[in-house]
Amino acid sequence: MENTRNKEYYISEFKKTEQSMNGEASSAFHQIRKQAIARFDEMGFPTVKNEDWKYTNVKQLFDFDFTGGSAGVVTKKDVDALHIKGLNENIIVLVNGVYSEKLSYIKKQNSGIIIENLNSVLKNNPELVLEHIGKYASIENGFTALNTAFAKEGTVIFIPDNAEVKGHIHILNITGEAGKHILTQPRNLIVTGKNTKVNIIESYHSTGIEENFVNAVSEVVVGENSSVEIYRLQQENSGSFHINRTQAVQARNSVFTHYSVTLGGGLVRNDTNVLLDAENCTGNLYGLYLTEGSQHVDNHTLIDHAKPHCQSNEMYKGVLNDNSRGVFNGKVFVREDAQKTNAYQSNKAILLANTATIDTKPQLEIYADDVKCSHGAAIGQLDDEAVFYLRSRGIGADLAKTVLIRAFANDIFETIENEAFHEHLNNLVFEKLG
Amino acid sequence: MSTDLSNVEELAISDYKYGFETDIEMDVVPKGLSEETIRIISAKKNEPEWMLEWRLKAYRHWLTIKHEDQPHWANISYPAVDFQDIIYYAAPKRKIELKSLDEVDPELLKTFEKLGISLQEQKRLTGVAVDAVFDSVSVTTTFKEELSRLGIIFCSMSEAIQEHPELVKKYIGSVVPYTDNFYAALNSAVFTDGSFCYIPKGVRCPMELSTYFRINTSGTGQFERTLLIADEGGYVSYLEGCTAPMRDENQLHAAVVELIAMDDATIKYSTVQNWYPGDKEGKGGIYNFVTKRGACRGNNSKITWTQVETGSAITWKYPSCILQGDNSIGEFYSVAVTNNHQQADTGTKMIHLGKNTKSTIVSKGISAGKSNNSYRGLVKVHKNADNARNFTQCDSLLIGDRCGAHTFPYIEVSNESAKVEHEATTSKIGEDQLFYLRQRGIAQEDAINLIVNGYCKDVFRELPMEFAVEAQKLLSISLEGSVG
Amino acid sequence: MLTVKDLFVRVEDKEILKGINLEVNAGEVHAIMGPNGSGKSTLANVIAGKDGYEVTGGSVTMDGMDLLDMSPEERAREGVFLAFQYPVEIPGVSNATFLKTALNEIRKHKGLEELDAMNFLKFMREKMKVVGIDEKLINRPVNQGFSGGEKKRNEIFQLQMLQPKLAVLDETDSGLDIDALKIVSNGVNLFRSKENAVVVVTHYQRLLDYIIPDFVHVLVDGRIVKSGGKELALELEEKGYDWVINPEPAAATV
């Protein structure tokens, strides 16, 4: 039962952390952590017997004793190189999972707006955190339980009604320390009031080649008439583990748009879920993953239509090379009340090598009758004739492939309204395809 | 003007027109399951030792499967089945070996006439060879002589075990081993009869072969076993129909069907399933837990499953194709209708192993009343299955606002040259379409039928003519009383 | 034949028709004209019995029968025919099957014998010639893959097949080129007789060059604000709807 041994490891780590706490152990927030570790003890890590984890085996995680790291290993120069042109007005940097004040930069914002490290909000304004944390990302598996149990670092973005946010907000995570396997468990909380708009970039990077483990959870509340856009970029090294859970809940007339871009990482599992919890909401989930080597990228999405007159659009595209493996599981759930739902889902993948694998399971579960739902999945390869056509015009084989892959991904690019992100992603894709 | 809806709801839900019981003396083995039961069944059928051994092995394996390990992934719910409360063998008391139709119990013939399959008529007019299975045993097979002139064997499973043991021994369990799943193990242990068919090399079966299944005796389970082999270059089109009387309790039907197609052989297997679905409160009805699988063993072989499922309280069924031979083709065309409290979880598996294999899946689900209808499918392309192609179209139609439609397609691809396409839609029956038809003088119920039949056309097209007509009728019957 | 009396209709919370009065006799052609959103299509749909319209006052009768009390199919069987503005596509149901079903339902209702396949085919072929409809369209699913013009022509073909008492044409001219317009109009004109009546709902005058109305009514904001002979249509064409919506100041001071 190596599973138990590893479970025990995290539980004993929790106890150690608890002992080193002073007054905090009696805080209301710590009670949430305690409940979470108890849940973790019950659930342990998911196994492939669990239908939701059928294609993703996390047992490699048990090969490593993950620990915390220090913040001092990254220089300003390293961080500056990761800034994204046009999206760098506000930068929050976490090094090895710990907020770095000296590397971060936050514009002076209008009063009431909070863009701050979770740890400091827990000290200054614990009620705000208590009101929301764990209310949306319910504990459905051991990873969310573990993140909740260790929740301390991460970013809180709070935008009151009608407040205007200045600039984009980039949450930049850098993980890695020579000779160590680092575990970070960022916990983000994004809450917007009425009539607001915010664009957030969430990027993950590694330094060095060591295997690290990022177990991130984000909870997002989209207020009435508000719009929240999140671009998540995963660019870690090929040995890294990344388990990510993002749960958004939408109020009336709101729009939530999420881009999940996975270029790096060894074993990546994303659960990106949206609850359309009031009328006239739009939820958009877009994803692009380019994998090579022995990468394993698993995207699970859930779009939960709970109320009538909402629409959702979902499009995930993957390009898989070498021995890599892709998993897509997209569920669209239309509840009994959710009449007049319009849900569209598409999932396409290209296999570039005979040794690459894709497992996809798009699901529609529909309990309302006046709905229009469709999903499409397609798996194929680059069109040989198109490659030949380009080559006959003097374009080299590799470039021809790159051009065609970029064309395959174009449906995703077309949805991107933010020019700076559009350009950045374009550069990343060309860079990755070399 | 929405008052129309409630009017339609008031229309009584049509009676299950096959819900009569036939009064025939039956030879019944008492309820319950044990090695003893199996020995009795085997002895009654005068089976050779190897058959009994196989049954017992299956039974012992079944005992090792925990009841909680019964297939549970299907999107259906039902109370646990008490396997000791089932009659595993019930046969008409009169002698079973019949020389001609004249010897068949007249009551039995009347039953089949009520089902719309007068064996006599069939024999004279339609040229469809029929094997009729009544509760557990096959009572009569028509056209046997004519078929045997071509070398085609078409008989009951019991007879095949006696007359062609080498074929049965070679193929039984070779596609669905008794270790496959809970119900396949159970069936292997207790199956009482079923149909057997062998098409020799190069023979094209000149007529449709047909089996009708009927559960009659109260509290009986029906566990038939069908084995169909088309040898090199053979061709056969096979039809299966099912009915049962109305009863308050649930009855279990756990069949196993195995198809084997060798090089260049083609098997078309069509089912119109109309087991009693239970009443409109959800009481009674058949639990239909069936394992159907075809192996395209040979190169250029082809297996087509076509099914129209309107009956049963619960259906759990995934006719599948294992595409072993190069250039082999698997097809699945399905219409599944659920109304009232019916639950259906059905679909297919297409396992691509050979090179240049192709599969097509067309599934049309229609949910009405308070029913739940799920499509569950797997398309798997193995590493060595170069140039595999699959196209899946999976549509759900909702009638009324208390039903559910669900789609669970699994796609697993491990070969870069594969092309797999899946499309699915779920929508409500079109208000505008209904109004258009009604504006031309067509009543609401008829308008629903027209639209639904049109929606299912891609599947009906695959059925032999007579079956297609029957399927359309069944569809309208099972949708009567649904809301538009 | 058709009598609409003081008809008030709501859609959801909005009052669309605010007291319509209309008397159509056998042998007559009435044109209902009006700007977009004036309630023309609502009137056509209410006569045919479409869901989603709440009649809050008034009556619609045909030869003394209360249409509002009848289901759409009952109205159709009594002879109400609506040529749809947007004929819907019905996948898998062939035009021929559809028409045979509809025709026989209507015949049954009239106490006539149902047509068998042979006689139906014969009858259909005659009518196909009248409208000049292609055999190909007959075997295709209802309206599926039809061009806009083909759809409208199919509506008129059905009009010929079903021979109703009252034909309501809802914007039948929209999306038609001049040749198609002529063919469609010809079909309607051939249908006209002393026994039946036609109500043409249209935004533009041009259809009325081919289907000459006996009466023209102008519908604005749910009310018939002006009625007259066929010359009214020409006047409208020339002066535009503003002419009836905002009459000259002198006329407005009542």
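Each chain gets a letter, A, B and so on, in the order the sequences are listed, and its residues count up from 1. Side chains included, hydrogens not; waters and symmetry mates left out as well; all remaining heavy atoms used.
For chain C, no part of B/D458 is nearby; none of its heavy atoms comes within less than 4.5 Å. In this structure, the portions of C/V80 lying under 4.5 Å from any heavy atom of chain B include both its backbone and its side chain. Contacts between B/Y455 and chain C at a heavy-atom distance below 4.5 Å involve the backbone alone (N, CA, C, O). Contact annotation for C/P91: both backbone and side-chain heavy atoms come within less than 4.5 Å of a heavy atom of chain B. With a threshold of 4.5 angstrom between heavy atoms, C/P164 does not approach chain B through any atom at all. For C/I90, the parts sitting under 4.5 Å from any heavy atom of chain B are the backbone and the side chain alike. Interface remark: C/N104 contributes no atoms to any contact with chain B (heavy atom separation under 4.5 Å). In this structure, the portion of C/Q158 lying under 4.5 Å from any heavy atom of chain B is its side chain and not its backbone.
Shown here for B/G441 and C/A76, the closest heavy-atom pair between the two residues is N-CB, 3.2 Å.
In terms of heavy-atom pairs under 4.5 Å with chain B, the best-connected choice from C/L82, C/V93, C/I106 is C/L82.
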Please step through side chain to side chain contact (heavy atoms under 4.5 Å, CB included) for the pair C/E73 and B/L437, ending with a clear verdict. CA-CA 8 Å; C/E73 57 267 35; B/L437 293 173; over 6 Å; no

In sequence, state the C-alpha distance, the side-chain angles, and the governing distance for C/S71 and B/Q444, and then conclude on side chain to side chain contact (heavy atoms under 4.5 Å, CB included). CA-CA 9 Å; C/S71 69; B/Q444 170 142 325; over 6 Å; no

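For C/K40, the NZ atom is densely surrounded, since the number of other residues' heavy atoms within 6.0 Å is greater than 12. More than 12 heavy atoms of other shown residues, nucleotides or ligands fall within 6.0 angstrom of atom NZ in B/K428. Summarising the local packing, OH of C/Y86 is surrounded by 12 or fewer heavy atoms from other residues, nucleotides or ligands at distances under 6.0 Å. By the 6.0 Å contact criterion, NZ on C/K18 is enclosed, its count of non-hydrogen atoms from other residues, nucleotides or ligands being greater than 12.
Salt-bridge formation is detected for the pair C/K50/B/D432: a Lys NZ or Arg NE/NH1/NH2 atom is positioned less than 4.0 Å from an Asp or Glu carboxylate oxygen.
Using modelled atom types, no side-chain atom of C/E105 and backbone atom of B/A443 make a donor-acceptor pair closer than 3.5 Å.
When ring centroids are compared, B/F435 and C/F84 come within the 6.0 Å threshold.
Cation-pi geometry between B/R440 and C/F98 is not met at under 6.0 angstrom from the ring centre and within 45 degrees of the axis.
In this structure, B/Q439 CD and C/N45 CG are separated by 9.5 Å, a value rounded to the nearest 0.5 Å.
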